Enquirer: 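Structure provided below as structure tokens; questions to follow.
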Number of protein chains: 2
Amino acid sequence: MLKYQQIAAEIEKYIEDHALQQGDKLPVLETLMAQFEVSKSTITKSLDLLERKGVVFQVRGSGIFVRRHKRKGYISLLSNQGFKKDLEDYKITSKVVELEVRIPTQEAAHNLNIGLDEEVYYVKRVRYIQEQTLCLEESYYNKSIVTYLNNEIVTESIFNYIKEGLGLKVGFSDVYLHVDKLNEEEAEYLGLKNGDPKLLVESVFHLTNGQPFNFSKVTYNYQQSQFFIQANSHFS
Amino acid sequence: MLKYQQIAAEIEKYIEDHALQQGDKLPVLETLMAQFEVSKSTITKSLDLLERKGVVFQVRGSGIFVRRHKRKGYISLLSNQGFKKDLEDYKITSKVVELEVRIPTQEAAHNLNIGLDEEVYYVKRVRYIQEQTLCLEESYYNKSIVTYLNNEIVTESIFNYIKEGLGLKVGFSDVYLHVDKLNEEEAEYLGLKNGDPKLLVESVFHLTNGQPFNFSKVTYNYQQSQFFIQANSHFS
DNA sequence: CATTATAATTGTACCGGTCTAATTTTTCAA
DNA sequence: TTGAAAAATTAGACCGGTACAATTATAATG
């Protein structure tokens with residue numbers, strides 16, 4: 001782990017351990033430099049990372065302050081590592097409905113940037129939170145990148161396997177959100193009624209080198225799904 | 001405008017003007033340094049900014065590449081400057097339903113971090129896209145910060161007025177998303193049916209110094225609302 | 001010709017510095 | 001005591017460098 005990531009993690013841990021609240025002031029840059037025995041630019045990088053994560057905010061001329069979002073149980077739309085981490089206090093389970101090698105749909109082929117005849121792993125599963133249905137997920141993996149999947153992997157964390165098992169490096173993702181009504185089949189899986197609201201989240205995940213390797217469509221149970229984002233003006 | 005912002009803007013413009021596509025390679029760092037006559041760290045900062053905006057992605061040992069999301073007409077959940085910019089090709093209008101000084105609801109007071117007796121500006125408006133209802137917005141502004149609003153301002157861009165007119169500096173925001181069913185009143189405003197799906201987006205906007213100045217609840221017409229986010233693994 | 005080892009390319013981490021701009025604190029005058 | 005001016009504090013912009021790691025191109029090898 002890199003220095004600036006390490007330091008960021010330590011500062012975050014410090015904030016949690018000392019239960020610091022929104023607006024509480026952290027030591028000034030110079031103190032942090034001395035404390036961690038690194039240069040200013042390294043500390044700055046750590047703090048920028050924490051700022052993007054929504055952990056702190058920095059005010060020029062004033063100091064570095066703790067930022068805390070007040071609501072718990074929300075799924076971060078930025079984490080891009082699945083939502084396990086956001087909901088670690090809750091019990092998340094999965095039931096695999098389908099897992100097979102297939103030819104992609106036109107939509108999937110387009111999003112994965114492959115031909116209609118190139119094979120993909122198709123995964124369909126229902127995920128539960130505290131025994132209640134959370135979402136229905138359909139996922140397409142470019143088989144030439146994600147070369148192997150089995151039932152066990154798919155029941156656990158696919159992304160973890162992709163990173164640890166296959167040694168692939170996950171880079172960026174595009175996420176699209178829509179609201180619509182559930183159709184018969186989706187309602188069935190989620191234990192809701194036909195025509196009930198749904199949140200459809202479509203994602204395209206890319207490796208660090210820009211190759212898209214996964215396209216997924218996740219239909220959320222509207223009663224269980226709450227999401228959050230922490231935005232920053234100087235990042236837009 | 002700062003150097004690194006200026007350069008980022010120029011690079012972005014270059015990409016647009018030359019209609020560069022996903023995966024197209026930009027000049028290497030050293031070339032960019034020479035071209036803009038700045039140090040490496042400045043160019044790096046520009047590129048990091050563009051990376052967070054989802055304009056480029058950088059691959060160590062390889063180069064800097066154009067990143068393009070394929071879908072148009074989506075509202076960015078990260079821009080945090082209203083959605084006018086995302087939908088600039090569409091005609092957005094507003095109808096003000098209500099505008100007055102009030103005592104906040106408990107919810108608003110909590111989110112604005114003020115007492116129940118401190119005054120707020122309450123704004124309720126319906127927004128249209130291409131003559132169709134886009135959303136119903138209820139917004140609370142801390143009156144001790146946003147000291148004045150009138151009908152004209154509220155019909156146009158409130159945030160623009162806050163920045164330009166009042167000279168306030170918008171910092172970060174917390175955004176919460178829920179899906180639910182429309183109630184009678186909301187359905188009425190949006191021209192939909194009671195029980196139809198809705199996307200509820202609650203936001204708390206803060207000044208750069210951390211003070212929350214606005215709490216808003218926006219109910220979107222599910223037929224018109226599509227959102228997107230561009231995420232990055234090394235920012236989480 | 002395919003494979004492997006080697007070298008060149010290229011972005012990233014990290015250092016340590018100067019200067020600037022926003023904010024806060026202190027000082028001083030009315 | 002109040003308010004304005006000056007000084008001190010503090011984060012951020014920007015420079016210019018070295019070392020490193022991932023990737024890609026080239027050369028060597030069988």
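All heavy atoms count here, side chains included; hydrogens, waters and symmetry mates do not. All values derive from a computational prediction rather than experimental measurement. In the text below, chain A, chain B and the rest are named by the order of the sequence lines, each starting its count at 1.
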Enquirer: Give me, pair by pair, the N or O atoms of the protein and of nucleotides 2-10 of chain C that are less than 3.5 Å apart, along with how far apart they are.
Expert:
| unit_1 | atom_1 | unit_2 | atom_2 | d |
| --- | --- | --- | --- | --- |
| C/dT10 | O2 | B/G61 | N | 3.3 |

Enquirer: Only counting residues at least two apart or in another chain, list the ones meeting side-chain contact (heavy atoms from CB on, under 4.5 Å) with B/V96.
Expert: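 In terms of side-chain contact (heavy atoms from CB on, under 4.5 Å), with neighbours along the sequence ignored, B/V96 is linked to B/L99, B/N151, B/V154, B/T155.
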Enquirer: Nearest-Å distance, OH (A/Y4) to C1' (C/dT12)?
Expert: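 For the pair A/Y4 OH and C/dT12 C1', the rounded distance is 8 Å.
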Enquirer: Could you tell me how far apart B/M1 (CE) and C/dA21 (P) are, to the nearest whole angstrom?
Expert: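 Rounded to whole Å, this separation is 16 Å.
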Enquirer: Please give, in whole Å, the distance from C/dT12 P to B/F57 CZ?
Expert: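 To the nearest whole Å, that distance equals 12 Å.
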Enquirer: Got a donor-acceptor contact below 3.5 angstrom from the A/R68 side chain to the A/L20 backbone?
Expert: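 Present.
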Enquirer: In whole angstroms, how far is the C1' atom of C/dG11 from the CD1 atom of B/I11?
Expert: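 Atom CD1 in B/I11 sits about 14 Å away from atom C1' in C/dG11.
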Enquirer: Within this structure, what is the CZ-to-P distance between A/F65 and C/dA22, rounded to whole angstrom?
Expert: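 Atom-to-atom, A/F65 to C/dA22, this comes out as 16 Å.
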Enquirer: Could you pull out all residues at least two apart from B/E202 that satisfy salt bridge (Lys or Arg N to Asp or Glu O under 4.0 Å)?
Expert: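 B/E202 satisfies salt bridge (Lys or Arg N to Asp or Glu O under 4.0 Å) with A/R71 only.
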Enquirer: Under 3.5 Å, is there a donor on one side chain and an acceptor on the other for B/E156 and B/Y161?
Expert: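 No, because no side-chain N or O of B/E156 sits under 3.5 Å from a partner of the opposite role on B/Y161.
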Enquirer: Tell me, which of residues 206-213 of chain B have any heavy atom that sits under 4.0 Å from an atom in DNA chain D?
Expert: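 Nucleic-acid contacts, sorted: none.
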Enquirer: Is the shortest side-chain N/O distance from B/Q58 to OP1 or OP2 of C/dT12 below 4.0 Å?
Expert: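 Yes.
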Enquirer: Test of understanding: with ring pair (Phe, Tyr, Trp, His ring centres under 6.0 Å), list the residues that count as partners of B/F36, not counting sequence neighbours.
Expert: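 None.
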Enquirer: Just jot down the side-chain contact (heavy atoms from CB on, under 4.5 Å) partners of B/S216, sequence neighbours excluded, or say none.
Expert: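 For B/S216, the residues satisfying side-chain contact (heavy atoms from CB on, under 4.5 Å) (neighbours in sequence not counted) are B/S139, B/S203, B/F205, B/N214, B/V218.
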Enquirer: For residues 106-119 of chain B, pull every pair meeting salt bridge (Lys or Arg N to Asp or Glu O under 4.0 Å), keeping only residues two or more places apart or in separate chains.
Expert: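 Every salt bridge (Lys or Arg N to Asp or Glu O under 4.0 Å) pair that includes a residue of residues 106-119 of chain B, provided the two are not neighbours, is B/E107-B/K217, B/E119-B/K143.
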Enquirer: Excluding sequence neighbours, so at least two apart, what forms side-chain contact (heavy atoms from CB on, under 4.5 Å) with B/S94?
Expert: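 side-chain contact (heavy atoms from CB on, under 4.5 Å) list for B/S94, sorted by chain: B/R125, B/R127.
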Enquirer: Residues two or more places apart in sequence or in another chain: which of them pass ring pair (Phe, Tyr, Trp, His ring centres under 6.0 Å) with A/Y121?
Expert: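 Per chain and number, A/Y121 pairs via ring pair (Phe, Tyr, Trp, His ring centres under 6.0 Å) with no residue.
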Enquirer: In whole angstrom, give the distance that lies between atom CD of B/E30 and atom P of C/dT12.
Expert: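 Result: 14 Å.
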Enquirer: For residues 15-31 of chain B, pull every pair meeting side chain to side chain donor-acceptor pair (under 3.5 Å), keeping only residues two or more places apart or in separate chains.
Expert: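 Listed by first then second residue: B/K13-B/D17.
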Enquirer: If I take atom CG in residue B/L2 and atom P in nucleotide C/dC19, what distance separates them, rounded to the nearest angstrom?
Expert: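 Rounding to the nearest Å, CG of B/L2 and P of C/dC19 are 19 Å apart.
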Enquirer: Tell me the interatomic distance from B/D48, atom CG, to C/dG11, atom P, rounded to whole angstroms.
Expert: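 These atoms are roughly 12 Å apart.
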Enquirer: Detail all sub-3.5 Å separations between protein N/O atoms and N/O atoms belonging to nucleotides 15-17 of chain C.
Expert:
| unit_1 | atom_1 | unit_2 | atom_2 | d |
| --- | --- | --- | --- | --- |
| C/dC15 | OP1 | A/K3 | NZ | 2.9 |
| C/dC15 | OP2 | A/S39 | N | 2.9 |
| C/dC15 | OP2 | A/S39 | OG | 3.0 |
| C/dC15 | OP2 | A/T42 | OG1 | 2.4 |

Enquirer: A/N142: what forms a side-chain contact (heavy atoms from CB on, under 4.5 Å) with it, not counting sequence neighbours?
Expert: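 Testing A/N142 for side-chain contact (heavy atoms from CB on, under 4.5 Å), a comparison that skips the adjacent residues, returns A/I114, A/S144, A/I145.
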